[in-house]
Amino acid sequence: MLNPWLSQALAFASNWLEAVLASPQQTLAHLAAAAGIGLVMAGALTRTMAPLRWLAAGSNVGLMIYGALRPSPITFCVAAVLLPVNLYRAIEVTRLTRRVHRAEAAADHAGLWLKPYMKAKKLRAGQTLFSKGARAEHLFLLVDGELELVELGKRLEPGRIFGEIALFSPSRLRTSTVRCVTACTVLRIHDSTVRQLYFQDPAFGFHLIDLLASRLSDDVERARQQLHQAQTALTENNSKQSHV
């Protein structure tokens, strides 16, 4: 024999289902409500803002249909108030996402549109552009010629943006000396302008992040190689001493 409470619940559910199925309008209303609730639950499980807003807008539409057909004025009014808010936020987030994607695509060409903000400087072969430990005040773009990072023995070719690490380091000091291997032309842009562009233009911001990440990765790899060479030399030295 069923529990009285369970019997009452089953009877209530049976009567409710019969009432819903007896009217096409009520069937549609409850299907819309189920869709709206399902979208709310799906939105609660999403991790990013754009799908959350679109799912919330969809749930508002479903609940508005339910509120109009049931009818349930409170449900309709709440969903109607939330719908334009969620639509506005969804469109706003979608536009922002598209801007970010466009900025990522344009980041590789950042040097081209930086030129109007930069001033040219010509250098002779053998001339030092800046020395290690000097105060960093400019970001540079090599237009023609060849430069050398003296301490690293590394060459820079035309089209390369450089000098960005010191601008964002706590000390604001140059980490390497840059000297002209040949006669060079460089473009330079002041630190204050760099920071303004960083906040104003996502493409430039992405390009700077890529540059910093690349240089830091190079520094880590170089430090790893130096450590390996030092360990190898120490092992060989110990081996030689043990055979003496």
Side-chain angles (χ1 to χ4, degrees), residues 12-13 16-17 19-21 23-118 139 161 164-165 167-170 189-217:
F12 175 81
W16 171 80
L17 184 60
V20 170
L21 296 178
S23 169
Q25 177 176 319
Q26 292 304 311
T27 301
L28 179 60
H30 284 80
L31 287 175
I37 294 172
L39 291 174
V40 169
M41 295 176 64
L45 297 175
T46 59
R47 297 184 179 182
T48 53
M49 188 58 65
L52 170 63
R53 289 295 185 179
W54 285 114
L55 289 170
S59 70
N60 294 151
V61 173
L63 293 175
M64 284 178 63
I65 294 173
Y66 171 80
L69 297 179
R70 174 65 181 167
S72 175
I74 294 178
T75 302
F76 180 85
C77 291
V78 171
V81 169
L82 292 177
L83 178 60
V85 175
N86 284 316
L87 281 176
Y88 174 78
R89 292 301 183 188
I91 294 171
E92 186 179 48
V93 172
T94 301
R95 287 176 177 173
L96 177 60
T97 302
R98 290 175 179 172
R99 284 185 60 198
V100 170
H101 290 324
R102 288 196 298 268
E104 288 177 329
D108 292 337
H109 304 286
L112 298 177
W113 52 260
L114 269 180
K115 290 182 179 180
Y117 301 94
M118 307 181 88
L139 180 71
I161 293 177
E164 74 288 343
I165 291 181
L167 292 183
F168 292 92
S169 67
I189 180 172
H190 196 270
D191 170 52
S192 60
T193 307
V194 171
R195 294 179 181 274
Q196 290 177 17
L197 290 174
Y198 178 85
F199 288 111
Q200 293 174 4
D201 197 305
F204 182 60
F206 274 108
H207 190 67
L208 273 184
I209 292 172
D210 287 342
L211 283 175
L212 290 169
S214 176
R215 306 293 162 77
L216 290 174
S217 296

Can you name the nearest heavy-atom pair linking [X] to [Y], along with the distance?
X      : Y      : result
Ala80  : Pro84  : O-CD, 2.9 Å
Arg195 : Leu167 : NH2-O, 2.8 Å
Gly43  : Leu52  : O-CD1, 3.2 Å
Ala56  : Ser59  : O-OG, 2.6 Å
Leu63  : Ala79  : CB-CB, 4.0 Å
Ala57  : Leu87  : CB-CD2, 3.8 Å

Set of side chain to side chain donor-acceptor pair (under 3.5 Å) partners for Thr193, sequence neighbours left out: none
Interatomic distance, Met118 atom CE to His190 atom NE2 [nearest 0.5 angstrom]: 12.5 Å
Summary of salt bridge (charged side-chain N to carboxylate O under 4.0 Å, His left out) pairs that have at least one residue in residues 80-90, sequence neighbours excluded: Arg89-Glu92
Whether over 12 other heavy atoms sit under 6.0 Å from Leu45 CG: yes
Test side chain to side chain contact (heavy atoms under 4.5 Å, CB included) applied to Leu69 - qualifying residues, sequence neighbours left out: Gln25, Leu28, Ala29, Ile65
Keeping to residues at least two apart or across chains, list the ring-ring contact (aromatic ring centres under 6.0 Å, His included) pairs with something in [range].
range          : answer
residues 71-92 : none
residues 33-53 : none
residues 31-69 : His30-Tyr66

Under 3.5 Å donor-acceptor, Glu164 side chain and Leu139 backbone: no
Met64 and Leu83: CA distance, side-chain angles, deciding distance, side-chain contact (heavy atoms from CB on, under 4.5 Å) verdict: CA-CA 9 Å; Met64 284 178 63; Leu83 178 60; 3.7 Å; yes
